[in-house]
Amino acid sequence: MGGSKAEEKPAAGGGGGEDWWCYQFGNKDALIVKSSKKSPLALRMVVFAMTMICGIFICTMCMKQLGSDSLSRIVKIEVAEQLCNKSAILHSEVHFVHYPQPITYSRSECKCTPVRFFAIISSQRSGSGWFETLLNSHMNVSSNGEIFSSKERRSNISSITKTLDKVYNLDWNSSASKNECTAAVGLKWMLNQGLVANHADIADYFNRRGVSAIFLFRRNLLRQLVSQLANNHDRYLKQLNGTHKAHVHTAYEASILARYKPRLNTTSLIRSLKQVDDYTRDALENLKSINHITIYYEDLIRNRTKLLDVLDFLKVPRSKLVSRHVKIHTKPLSEQIENWDEVYNALNGTHGVVSILASAPSAEAFELFDY
């Protein structure tokens, strides 16, 4: 028994000591493996650390590359505003004065020319096309047309704001684009082109960016309806050499398009006019927080000095405004509606014109009969 105990515990300094340590940890090979793991572990940690550092460096460089243009533009705008003398601008107007720095060109000597942002807000066949050409005849005004007629640009609020940013940064290229000294830049926007659907976000954008609105509407809704029906008719028939034209530049072309006399449904006429009125009224209510001016097509036709009010609103020099547009429908409504007698009786009935005028802002809001 004593011999067996002596064999179980080898001498501390003999060759069997190594075998004893291997026995305690399993075997000799296991001991060798464990003692050699320290070097690969340290190497892995070093490789991992280097990978992390490289990843962070690459991400940082990418972020700098992506943000450099935006940052440089912000710096440019801030520098431009600091260098430009704004002492002559009233404190109440500062929010509406801008110094855009386009990406596509340099404003050079005009970089300190303040720019006002605006939008012509209207509805179809309200004279907005004619009105916009008048504004564009001013050497310092650029209105870029009906940009949101494209469904893609108004598909969501992100697309809308992206488009607006491009317009107001003077990077929108159109036939209306002026030279570097543009003092007012904007566009024409119909109510049914994403404006009503996104009215809250758009009002917020206008107020935040200092965009002013020119509300242009038509008092005579019956004439507007006749114009719309005639335009739809020509869109289908293309009466001018196989081409549809919403606006014309000669009296001859106007006379051809004016030949069409629509027949109106008197049963639904009053309801239709009321719906148009309510739609416009609700839109104006939702957008009333925007800095704006309201004008009517009929007022501009009768008194061209009303255009001076618009120029004053945009804070651009007064000048003579001209347009090549020729008015299409110039005759009395009695000569432009096929079933005029029926329409006249329907609108003069107890629940006709009276019911519409009851909700109108003034008794002249719907001049249905202009002979």
Side-chain angles (χ1 to χ4, degrees), residues 66-67 69-71 73-78 80-81 86 89-103 114-124 126 128 131-132 135 141-172 174 176 182-217 277-295 310 313-316 361:
L66 291 172
D69 290 340
S70 299
L71 180 60
R73 284 177 59 191
I74 293 173
V75 172
K76 285 181 181 179
I77 293 173
E78 290 179 348
E81 292 188 357
K86 298 187 288 184
I89 301 173
L90 297 176
H91 178 72
S92 59
E93 294 292 325
V94 170
H95 182 59
F96 303 101
V97 173
H98 312 277
Y99 300 90
Q101 298 294 315
I103 298 175
V115 179
R116 305 274 174 157
F117 299 162
F118 71 89
I120 303 169
I121 295 177
S122 186
S123 56
Q124 284 80 0
S126 294
S128 59
F131 176 74
E132 187 177 43
L135 284 187
V141 180
S142 293
S143 187
N144 293 280
E146 213 166 306
I147 291 175
F148 291 109
S149 60
S150 168
K151 292 183 179 180
E152 182 180 356
R153 295 178 190 143
R154 66 175 194 256
S155 58
N156 53 60
I157 191 60
S158 297
S159 298
I160 290 173
T161 55
K162 181 180 179 180
T163 301
L164 291 174
D165 285 343
K166 190 172 183 179
V167 170
Y168 295 133
N169 197 54
L170 302 183
D171 282 316
W172 191 270
S174 74
T182 296
V185 63
L187 67 154
K188 185 174 67 164
W189 202 347
M190 301 293 103
L191 292 178
N192 62 353
Q193 294 175 349
L195 187 54
V196 169
N198 300 277
H199 65 83
D201 290 323
I202 292 168
D204 177 71
Y205 178 94
F206 277 27
N207 290 327
R208 178 166 42 84
R209 293 293 310 274
V211 180
S212 300
I214 301 172
F215 294 145
L216 171 63
F217 294 101
D277 176 43
D278 291 342
Y279 183 78
T280 303
R281 186 182 300 276
D282 291 342
L284 293 180
E285 178 66 22
N286 291 328
L287 299 172
K288 66 180 182 181
S289 65
I290 300 171
N291 180 49
H292 67 274
I293 182 175
T294 302
I295 55 177
V310 178
F313 176 71
L314 295 176
K315 300 297 189 294
V316 295

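One-based numbering along the sequence shown.
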Point to revise | All ring-ring contact (aromatic ring centres under 6.0 Å, His included) counterparts of Phe96, not counting sequence neighbours | key: none
Check your understanding: If only atom types and distance count, is the side chain of Asn291 paired as donor or acceptor with the main-chain N or O of Ala213 below 3.5 Å?
Key -> no
Practice item. Would you name the heavy atoms of Ile214 and Val310 that are closest together and state the gap between them? Key: CD1-CG1, 3.9 Å
Exercise for review: Over all heavy atoms of both residues, which pair between Val141 and Leu135 is shortest? Give the atoms and the distance, please.
Suggested key: CB-O, 3.5 Å
Check your understanding: Hey, does Val185 have a side-chain heavy atom less than 4.5 Å from the side chain of Phe117?
Key -> yes
Study note, to complete from the structure: Minimal heavy-atom distance between Met190 and Ser128, with the atoms involved, is CE-OG, 3.6 Å
Practice item. Go through the steps for Ile293 and Phe215 under the test side-chain contact (heavy atoms from CB on, under 4.5 Å), then give the verdict. Key: CA-CA 6 Å; Ile293 182 175; Phe215 294 145; over 6 Å; no
Exercise for review: List the atom of Leu170, the atom of Pro100, and the distance in Å for their closest heavy-atom pair.
Suggested key: CD1-CG, 3.7 Å
Exercise for review: Determine, stepwise, if the pair His98 / Tyr168 fulfils ring pair (Phe, Tyr, Trp, His ring centres under 6.0 Å).
Suggested key: CA-CA 9 Å; His98 312 277; Tyr168 295 133; 8.0 Å; no
Study note, to complete from the structure: To the nearest 0.5 Å, atom CD1 of Ile147 lies from atom NZ of Lys188 at 11.0 Å
Check your understanding: More than 12 non-hydrogen atoms from neighbouring residues, nucleotides or ligands closer than 6.0 Å to NZ on Lys315, yes or no?
Key -> yes
Practice item. May I have the step-by-step check of side-chain contact (heavy atoms from CB on, under 4.5 Å) for His292 and Ser212, ending in yes or no? Key: CA-CA 6 Å; His292 67 274; Ser212 300; over 6 Å; no
Exercise for review: Supply the atom-to-atom distance Leu187 CG to Ile121 CD1, rounded to the nearest 0.5 angstrom.
Suggested key: 8.5 Å
Check your understanding: Is a side-chain donor or acceptor of Asn198 paired with a backbone partner of Gly194 at a separation under 3.5 angstrom?
Key -> yes
Check your understanding: Which value, rounded to the nearest 0.5 Å, describes the distance between Ile295 atom CD1 and Phe217 atom CZ?
Key -> 10.5 Å
**Study point:** Minimum heavy-atom distance between Phe206 and Leu164, given as atom pair plus value
**Key:** CE1-CD1, 4.2 Å
Check your understanding: Measuring from Ser123:OG to Asn192:CG, what's the distance to the nearest 0.5 Å?
Key -> 8.0 Å
Revision key, fill the gap. Only one of Arg209, Arg208, Arg153 passes salt bridge (charged side-chain N to carboxylate O under 4.0 Å, His left out) with Asp165, and that residue is Arg209
Review point. Is the side chain of Ser143 donor-acceptor paired with the backbone N or O of Glu132 at a distance under 3.5 Å, no angle test?
Key: no
Practice item. Please list, chain by chain and in numerical order, all residues satisfying side chain to side chain donor-acceptor pair (under 3.5 Å) with Ser149, sequence neighbours excluded. Key: none
Practice item. Can you see which heavy atom on Gly186 is nearest to which on Val167, and at what distance? Key: O-CG1, 3.9 Å
Exercise for review: Under the side-chain contact (heavy atoms from CB on, under 4.5 Å) rule, what do Glu285 and His199 come out as? Steps first, then yes or no, please.
Suggested key: CA-CA 10 Å; Glu285 178 66 22; His199 65 83; over 6 Å; no
Review point. Within the distance-only criterion (no hydrogens, no angle test), does the side chain of Asn207 pair as donor or acceptor with the backbone N or O of Ala203 below 3.5 angstrom?
Key: yes
Revision key, fill the gap. Rounding to 0.5 Å, atoms CG (Leu287) and CG (Asp282) come to a distance of 10.5 Å
Practice item. Apply side-chain contact (heavy atoms from CB on, under 4.5 Å) to the pair Tyr205 and Ile160, showing each step before the final yes or no. Key: CA-CA 10 Å; Tyr205 178 94; Ile160 290 173; over 6 Å; no
Review point. In Å, rounded to the nearest 0.5 Å, how long is the span from CZ of Phe148 to OG1 of Thr163?
Key: 4.5 Å
Check your understanding: Does Thr161 use its side chain to pair, donor to acceptor, with the backbone of Ser158 at less than 3.5 Å?
Key -> yes
